[in-house]
Each structure stands twice: as C-alpha cells, then as structure tokens.
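Just below is one structure, and these are the notes that go with it.
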Amino acid sequence: MDSSRKEQQQDQNQKESKKKRTGVWVNGPIIVGAGPSGLAAAACLSQHGVPSLILEKSDCIASLWQYKTYDRLKLHLPKQFCQLPFLGFPENFPKYPTKHQFVSYLESYAAHFNIRPKFNQSVSSAEFDPAKSLWRVHTDEFVYISRWLIVATGENAEPFVPEIRGLGKFKGKVVHTSDYKSAKEFGGQKVLVVGCGNSGMEVSLDLCRNNAVPYMVVRNTVHVLPREMFGMSTFGVAMALLKWLPLKMVDRLLLLTATFILGSTDELGLRRPKTGPLELKNVTGKTPVLDVGALSQIRSGKIKVMEGVKEITKCGAKFNNGQEKEFDSIILATGYKSNVPSWLKGGNSFTEDGMPKTEFPNGWKGHEKGLYAVGFTRRGLQGTSSDAVKIAADVASQWRSAEDCSNSCHSHIILLIGDN
Ligand SMILES: Cc1cc2nc3c(=O)[nH]c(=O)nc-3n(C[C@H](O)[C@H](O)[C@H](O)COP(=O)(O)OP(=O)(O)OC[C@H]3O[C@@H](n4cnc5c(N)ncnc54)[C@H](O)[C@@H]3O)c2cc1C
Ligand SMILES: NC(=O)C1=CN([C@@H]2O[C@H](COP(=O)(O)OP(=O)(O)OC[C@H]3O[C@@H](n4cnc5c(N)ncnc54)[C@H](OP(=O)(O)O)[C@@H]3O)[C@@H](O)[C@H]2O)C=CC1
Ligand SMILES: O=C(O)C(=O)Cc1c[nH]c2ccccc12
C-alpha cells in the first residue's frame, strides 16, 4: 500500500472508530422501522406520555408502500380493518383506499402524533447488554442506547427469491414483484409470473389488462375468495361470523359462498388446500387470495395457469408436466421474508426466519428484557394495532414505575461522547 493510500485508510479507520464511539442515549424506546407498525407503536406510546425514537433506513415513512409496491395497488381489506390506533381514515376515503391514499393517511397519522423518525438510519446490529440492562443499536453513524428496543421492520422486509434451477441463465428481464410498478415495460411480452398469492394474481391481472400475456405458475394449492359477498367485504363477514361460530364452521361457510359466487376453481388449475382459508392463515400465515378480477381473466384464458417450474432456460422455462415455453420476462411473485436475523444479535426471541418464537397473540413481547416486536402476527394491519397497544401499555407501566431521573429530562435524546 503506498503512503497516501495508507493515510487515507488510517483516516477512514479513525472516522469509523470515532463514529463507533458516538453514542446517543434515547430516553424512551428505540423503534426500528417507520412503517405502519413503527408509527403505531410510537403513537400508542405517546398516548401514555412515553417518548420514543424511530430509526428508519429509508428516506421516508412506509417505504414498503412508497417504493416497493405497484401503481394500481389498493388495500384489499376495507379501511376500517386497516386503520391504526387512535386515528381512523378520513370519511371521504373510499372503502378500499389506493396505496397513495394509504400513504397520505400514514403521513397525517405521523403528523397528528408528532412522530418524526430519524431517516437514513439503517440498523446494522443491535444487542442487549445484560450487565447494564441496556440495548445498543448500531447504525452507520451512531450507537443508540436505550432500555427498550421495539422491532418494527416487518414481515415483508426483503423479497424472498427461491432457488430455481437455471434462473441465472435466463436472457430476459427478471424482477421481483417488489420492483414491479406497472405493465408499461412489458407491453406485447409473454411473461412468466412465478407465484399465485395476492401479488402474483394482481400483477398477472395488471399485465393482461395492458397488452401483455401472463403465464402464472401455480405449483401448489391456493384459496381464492371473492373480495365481497353480497355487497359486504368477505373479511368483514368472516370477522362477524367468528364472533358466534367456530373457525372451521366459518371456513366452511366462506367456501360454500365462494363456490356459489366464483364457481369451482379446481377446473382452472387452482386446487383448494384441505385446510380452510382462515385456519390456514392462522396456522401457516398463508393469505388467501381476495379476487379483484384475476379469476375471470383466468377463466377467459387471458391469464394462463402453468404447473410448477422445473427449470429456467436461456429463453424460457420447462415445467413439471414436461411442457416447455419461451418467455420474454420473468416476474417473481414469490413473497417476502423478515430481515431480523441479519441485525438482531444473540437472544432467544426470534426464529431463524425472523419471526417471534412465541405464538400469536403473545409474540409482541420478547424473551430478553425490554425487547418487543410489532407487526409480526401474520394478521396484517389489525395485528399491528393489537401489538402496538399492548407494547405501549407494558412499556408505560415500567416508565411510570421507574424512578430514573432521566424520565424527567426535557430532551428525549442525548448525545454521549466517549466510550459507550
Ligand atoms: C403488497 C402488499 C399489500 C398489503 N396489503 C395489506 C392490506 O390491504 N391490509 C393489511 O392489513 N395488510 C396488508 N399488507 C401486509 C403488510 O405487511 C402491512 O400492510 C404493513 O406494511 C406492515 O407494516 P410494518 O410496519 O410491519 O412493515 P413495513 O411496512 O415493511 O415497514 C417496515 C419498515 O422498516 C424499515 N426497515 C427494515 N429494516 C430496517 C433496518 N435494518 N433499519 C432501519 N429500518 C429498517 C423499512 O424500510 C420499512 O420502512 C400488505 C403487504 C404487501 C406486501
Ligand atoms: N391488494 C393487497 O392488499 C395485496 C396484499 N398482498 C399481501 O402481501 C403479502 C405477500 O403476498 P405475496 O407477495 O403474494 O406473497 P405470498 O407469500 O402470499 O405468495 C408467494 C407465492 O409464491 C409461490 N412460490 C414461492 N416459491 C416458489 C417457487 N419456487 N415456485 C413456484 N412458486 C413459488 C408460493 O407458492 P406456495 O404457496 O406453493 O409456497 C405463493 O403462491 C400477503 O400477505 C398478501 O396478502 C399482496 C399483494 C396485494
Ligand atoms: O393482506 C394481508 O397481507 C393481510 O395479512 C390481511 C389479512 C389479515 N388476515 C386476513 C385473512 C384473510 C385475508 C387477508 C387477511
């Protein structure tokens, strides 16, 4: 290494080590993630008079919704099931708000509760110091320190990309649905859509409505339900029935009605799982497809249903039933995964898939002191709200009982210089 590079390197190292020593004491919980879950947790804490600090890796709130979703996305549950605690959607919003309306709701939510996340703070690691009963949370610039850590990075933090033989050989474009915006760039193309969850169905629908030809891979079974039954949302009907009837019976009623409205889906290549849709969601987290039009396009042949993929080739794919077909592009609608194992070090609260080890409804509280998880219930935004309320009450009771002088400080973040 020549001397000027050595100096540069030393400079860099000095900067790095200085960065590492810049500590920030947070008087109140540190929340990682400014999606709906992080915002809901901060709002609920503020209702108890507890300050908090949200660290967000992106440059805005709800980055999943702003950057990682397609243009025509709407909530597929009615707005009353997607609102966060203490502030509902505006009256004039439609029953199923668009993603832009949802983001604007979240922006007013943050403003209403005076929530100001610290942006561009990607948490690279966090660990508990049992000797001091403190959490140390590292970003590029700082070490944030607090008695409480609330994990709010979401179930959909990273795209899940399965290993599919030959995928690297494919000459055309390959994108995950988190990078799909619209059908514009796929006009006139034959597109292989891998996966038939809500993303696969809705992207296929978008493609076929915009002059592309989607071939959707269904390797397994899938529940498709109409979004509405006799003018009421299917989800709302299910929630109402669950107040009176056992889960299995509600599932049976939903399936009977779905077959009445949609007809049999089996003959379209969409075989139903043996377990009912709500039971399956509760047990495995697999969300039933709420149909917003894809099914009629499958019936008319505009969306083609394909068997599982055996192998991707240079120009197309070979399927398990021996069929082989050429494609221009591939869209992976293969779902998402949590990123918690990549940054939360040690401890015994999360599985290797980054989900709480404790089952719903108790997964909000971690095993380590001061650790919480919001939005890992596999129950959408309703799960988020229920976690946020419980976490805030739990932290608030500790906050109130603490005779820690820091609770009466004016500022809730204090810069610490020195060895932390
Ligand atoms: C396409 C789509 C549609 C959906 N529609 C619905 C619906 O209609 N109804 C419903 O109830 N649910 C729906 N869901 C479920 C969805 O999980 C929730 O709507 C919601 O976004 C979850 O909020 P969250 O805050 O837990 O996670 P996210 O919205 O993913 O927010 C997590 C935040 O954490 C940040 N982050 C991640 N890692 C780090 C790190 N290391 N350091 C700092 N910040 C980090 C991210 O940048 C992100 O801003 C949908 C999901 C998807 C993918
Ligand atoms: N409008 C809305 O509100 C929308 C909501 N969402 C929500 O976002 C979340 C994520 O949904 P989504 O992105 O669809 O992810 P999902 O996890 O729901 O679905 C992933 C799909 O990919 C399939 N898959 C995975 N690996 C392979 C493989 N190797 N070969 C073939 N198929 C494969 C799965 O099949 P298998 O079942 O066999 O594993 C499944 O069909 C859900 O909660 C969903 O409800 C999504 C879009 C729109
Ligand atoms: O859209 C999602 O990802 C959701 O998790 C919303 C949701 C929660 N519980 C359900 C049951 C049936 C269909 C959707 C949902």
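Since the structure is predicted, the reported quantities are computational estimates derived from the model, not experimental observations. Both counts, for ligands and for their atoms, begin at 1 and track the order of listing.
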| query | Can you find a protein heavy atom under 4.0 Å from atom 2 (C) of ligand 1? | reply | no

| field | Geometric N/O contact Lys281 with ligand 3, under 3.5 angstrom | value | yes

| N or O pair under 3.5 Å between His76 and ligand 3 | yes

[atom]: which protein heavy atom is closest, and how many Å away?
atom                    : answer
atom 17 (O) of ligand 2 : Gly335 CA, 3.8 Å
atom 19 (O) of ligand 2 : Gly197 CA, 3.9 Å
atom 35 (O) of ligand 2 : Arg219 NE, 3.7 Å
atom 45 (O) of ligand 2 : Asn198 ND2, 3.0 Å

Does only the side chain of [X] get under 4.0 Å from ligand 2, or the backbone, or both, or neither? Count heavy atoms.
X      : answer
Lys74  : backbone
His76  : both
Thr287 : side chain
Tyr70  : side chain
Val309 : neither

| said: If the test is side-chain contact (heavy atoms from CB on, under 4.5 Å), which one of Leu290, Asp291, Ile298, Leu268 qualifies with Val224? | reply: Asp291

| remark: Exactly one of Leu192, Val193, Ile164 clears side-chain contact (heavy atoms from CB on, under 4.5 Å) with Val217, and that residue is Leu192

| query | Is it the side chain (CB and beyond), the backbone, both or neither of Asn339 that lies under 4.0 Å from ligand 1, heavy atoms counted? | reply | side chain

| request: Run the ring-centre check on Tyr336 versus His176 and record whether the distance is less than 6.0 Å. | output: yes

| request: Would you mind telling me if ligand 3 is within reach of the side chain of Leu381, the backbone, both or neither, using heavy atoms under 4.0 Å? | output: neither

| task | May I ask whether Trp65 places a heavy atom under 4.0 Å from ligand 1? | result | yes

| What do you reckon, does His76 put a non-hydrogen atom under 4.0 Å from ligand 1? | yes

| query | Are there more than 12 heavy atoms of other residues, nucleotides or ligands under 6.0 Å from atom NZ of Lys390? | reply | yes

| Taking atom NZ of Lys184 as the centre, does the number of heavy atoms from other residues, nucleotides or ligands within less than 6.0 Å exceed 12? | no

| query | Angle class for the Tyr372/Trp364 ring planes (parallel below 30°, perpendicular above 60°, tilted otherwise)? | reply | parallel

| request: Say whether Ile164, considering both its backbone and side-chain N or O atoms, lies within less than 3.5 Å of an N or O atom on ligand 2. | output: no

| request: Please name the pair of heavy atoms, one in Ala212 and one in Phe186, separated by the smallest distance, quoted to 0.1 Å. | output: CB-O, 3.3 Å

| request: Decide whether the shortest distance between a heavy atom of Lys286 and an atom of ligand 2 is less than 4.0 Å. | output: yes

